[in-house]
Number of protein chains: 2
Amino acid sequence: MEKQTVTIYDVAREAAVSMATVSRVVNGNPNVKPATRKKVLEVIDRLDYRPNAVARGLASKKTTTVGVIIPDVTNIYFSSLARGIDDIAMMYKYNIILTNSDENGGKEVQVLNTLMAKQVDGIIFMGNQVTDELREEFKRSKAPVVLAGSVDSEKAQPSVNIDYVAAVAEAVKNLIDHGNQKIAFVSGPMDEAINHDYRLKGYKKALKDAGIPYDDKLVFETDYTYKAGQSLEPALSAVGATAAFVGDDELAAGVMNGLTDAGVDVPGEFEVITSNDTKLTELVRPKMSSITQPLYDIGAVAMRLLTKLMNNETVEENTVILPYGLMKRSSTK
Amino acid sequence: MEKQTVTIYDVAREAAVSMATVSRVVNGNPNVKPATRKKVLEVIDRLDYRPNAVARGLASKKTTTVGVIIPDVTNIYFSSLARGIDDIAMMYKYNIILTNSDENGGKEVQVLNTLMAKQVDGIIFMGNQVTDELREEFKRSKAPVVLAGSVDSEKAQPSVNIDYVAAVAEAVKNLIDHGNQKIAFVSGPMDEAINHDYRLKGYKKALKDAGIPYDDKLVFETDYTYKAGQSLEPALSAVGATAAFVGDDELAAGVMNGLTDAGVDVPGEFEVITSNDTKLTELVRPKMSSITQPLYDIGAVAMRLLTKLMNNETVEENTVILPYGLMKRSSTK
DNA sequence: CTTTGATTTGAAAGCGTTTTCAATGTTGCG
DNA sequence: CGCAACATTGAAAACGCTTTCAAATCAAAG
């Protein structure tokens, strides 16, 4: 009992018109006499005809789907962006092909290629590192690519971000204003542009502005996991830090809980401020102070930008910077 | 400077063979003389030919993409499943079209239709409620549908889950064993099958086994948000509950933090046990005791099952039940 | 050398749309 | 009533691949 598929041809026959006409009514083309349109619509309804998007894609060279490369859906920072992306995509009738990259360069390139093979109309890339190889692939892509919540030091691609340097500087200044002199900088891999080119820069700037010498013993490079943060406590205490700026919320929750579990009072003896303002900041106790970012909007704006690019509309500014803020909760004084 | 696309025809011409032969080598068909294969491969490489998946999909009636309907990517329970799904999908060369449904029946039906229009080879559905309308759509779909971490009271679709009734019963029994008599049941909407048909059933069973009368004043129906949980404290105290079973981790974090913030000691004065064993359970303080579920595996197994269905392989059992456990952390005695 | 059977190959017909271009209908106006 | 101008329609050619089927080639056996 193989399910029978009804094609545009069937509709044309039943309605006694040509395929072209059916195609017109399906696509809302106005050049169809109302009476004809009605007749066709009735047949479509009666036969329960549904246009085959693949055939449509082949003929029109538009698939109305965009590729989204995400490090890990399970990471709430990125999934928040993804939610913004999907909502706007849906609003503009696009679908999302979502793939996890684990920030693995090889996998990213491979995924990018299959996305291009699938003829996506555009691509949104999230990830902390844009390698040269990736940059090359972006260039060769006929589908526009925009980066969401992700930086490329070369600034070759359209992107949507906040001003990380300023945000981190402000966060660190806040810590300094509270009297902290030894402030740890805790981040993911330092070979990622966002860490060495932006966050660290903001950190150094704040120190410099306050006349505090930079000490690389206070820089902790680790990976973005709760566990990694949690196990940082001994080291943090060892260098005599009294505060920390952390580049990721889950990581921050880890360092905070690690501290607390070791008997260090947060924020009494140690302040921590984090970066992404995800739900997590509210779940932990004490609640974490954080740089605030319009997560959903970063995704949404990136997708909106992509729609323009896909439409060949001229966009005034390719790299958009959204506003950030600082939210004081209970992990800082 | 429109980017030129090279087609199978170009390759055929350059290699002085027919399209059929090129197609064969691209698809790894063994009926090609090694020398020919080599020649074609060289041309493919030289021209940087990449097969157009859309055309391929039209011709072969297979798109190697599956649709995934998820309530909200931002919900870590579901995103954990999604991660399992994507990994296995990738392993079998499939891509995922991911769409958020917000558990909104209308949106689900609509999304389902666009997925079918896009000719996905299969569909994975996540959501707490399978409405009649949805069930109808599933039936009419020529692509197989499997439910992941989601129940359908009619059991009409293949699915992958744990034994919710038993798991909840065990969790509640645990609470009872600790001496609690008034145990709250906190869940999302009771019109969802998973709540009224499974979790509540398990709850009642545990009570009955212990000879404790069921009292519907102890049943709290709310939505799956942190805030909702947090604001439950007054009500919880009012009915004199000393423990709660909660159907969702974020919700549970909310009730626990709400309790704590109101000065109630967890677990000293009030125990809470949650359902999904996501990362969140470890982030909050006290850490939450939970039913454990193989989240990643539920997604992975669902996807694996789907690949079999898509291949028309016979599967021994359509509804697979994965093992659960109980993890004691610090929110219970 | 033939024959025979197996291996390789190519021609061409789809797959289900969109889109172009020409043909046909229709309307308004003098 | 005739004609220009515009509205509506249809025929057929793509789109880029897979797949079937028959033709061509080849190797081994007689």
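First the proteins, then the strands, lettered A, B, ... as listed; each starts at 1.
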Close N or O pairs between protein and nucleotides 17-21 of chain C (under 3.5 Å):
unit_1: C:dT17; atom_1: OP1; unit_2: A:Tyr49; atom_2: OH; d: 3.1
unit_1: C:dT17; atom_1: OP1; unit_2: A:Asn52; atom_2: N; d: 3.0
unit_1: C:dT17; atom_1: OP2; unit_2: A:Ile8; atom_2: N; d: 2.5
unit_1: C:dT17; atom_1: O5'; unit_2: A:Tyr49; atom_2: OH; d: 3.1
unit_1: C:dT18; atom_1: OP1; unit_2: A:Asn27; atom_2: OD1; d: 3.3
unit_1: C:dT18; atom_1: OP1; unit_2: A:Asn27; atom_2: ND2; d: 3.0
unit_1: C:dT18; atom_1: OP1; unit_2: A:Arg56; atom_2: NH1; d: 3.3
unit_1: C:dT18; atom_1: OP2; unit_2: A:Ser23; atom_2: OG; d: 2.4
unit_1: C:dT18; atom_1: OP2; unit_2: A:Asn27; atom_2: ND2; d: 3.4

Review point. Can you check whether A:Glu313's main-chain N or O pairs, donor with acceptor, with A:Asn311's side chain at less than 3.5 Å?
Key: no
Exercise for review: Assess the side chains of A:Thr64 and B:Lys118: does a donor N or O sit below 3.5 Å from an acceptor N or O?
Suggested key: yes
Check your understanding: More 5' along DNA chain D: B:Val54 or A:Pro30, using each one's nearest nucleotide?
Key -> A:Pro30
Review point. Between B:Ser101 and B:Val111, is a side chain to side chain contact (heavy atoms under 4.5 Å, CB included) present by the stated rule, with each step listed?
Key: CA-CA 8 Å; B:Ser101 69; B:Val111 154; 5.7 Å; no
Point to revise | Nucleic acid contacts - residues 32-43 of chain A versus DNA chain D, non-hydrogen atoms under 4.0 Å | key: A:Val32, A:Lys33, A:Thr36
Review point. Is it true that the side chains of A:Arg304 and A:Thr307 contain a donor and an acceptor less than 3.5 Å apart?
Key: yes
Point to revise | Distance-only donor-acceptor check, side chains B:Asn113 and A:Arg50, under 3.5 Å | key: yes
Point to revise | Residues forming a side chain to side chain donor-acceptor pair (under 3.5 Å) with A:Glu14, sequence neighbours excluded | key: A:Arg46
**Study point:** Set of residues satisfying side chain to side chain donor-acceptor pair (under 3.5 Å) with respect to B:Thr63, sequence neighbours excluded
**Key:** B:Asp121
Check your understanding: Looking for any heavy atom pair under 4.0 Å, which part of the strands does A:Val17 touch: base, sugar-phosphate only, or nothing?
Key -> sugar-phosphate
Revision key, fill the gap. Hits for side chain to side chain donor-acceptor pair (under 3.5 Å) against B:Arg37, two or more places apart or cross-chain, chain-then-number order -> none
Check your understanding: Is the centre of the B:Tyr77 ring less than 6.0 Å from the centre of the B:Tyr224 ring?
Key -> no
Check your understanding: Through what angle, rounded to 10 degrees, does the axis of the helix from C:dC1-D:dG30 to C:dG30-D:dC1 turn between its ends, using five pairs per end?
Key -> 50°
Review point. Have B:Glu103 and B:Asn128 got a donor and an acceptor in their side chains that come within less than 3.5 Å?
Key: yes
Practice item. Respond yes when some side-chain nitrogen or oxygen of A:Lys61 is under 4.0 Å from OP1 or OP2 of D:dA14, and no when none is. Key: no
**Study point:** C:dT9 phosphate, OP1 or OP2, under 4.0 Å from B:Thr21 side-chain N/O
**Key:** no
Exercise for review: Send over the distance from A:Lys118 NZ to D:dC17 P, rounded to a whole Å.
Suggested key: 15 Å
Check your understanding: Within this structure, what is the CG-to-P distance between B:Asn31 and D:dA24, rounded to whole angstrom?
Key -> 19 Å
Review point. Picking from B:Val73, B:Leu98, B:Ile96, B:Asp86, what satisfies side chain to side chain contact (heavy atoms under 4.5 Å, CB included) with A:Val73?
Key: B:Val73
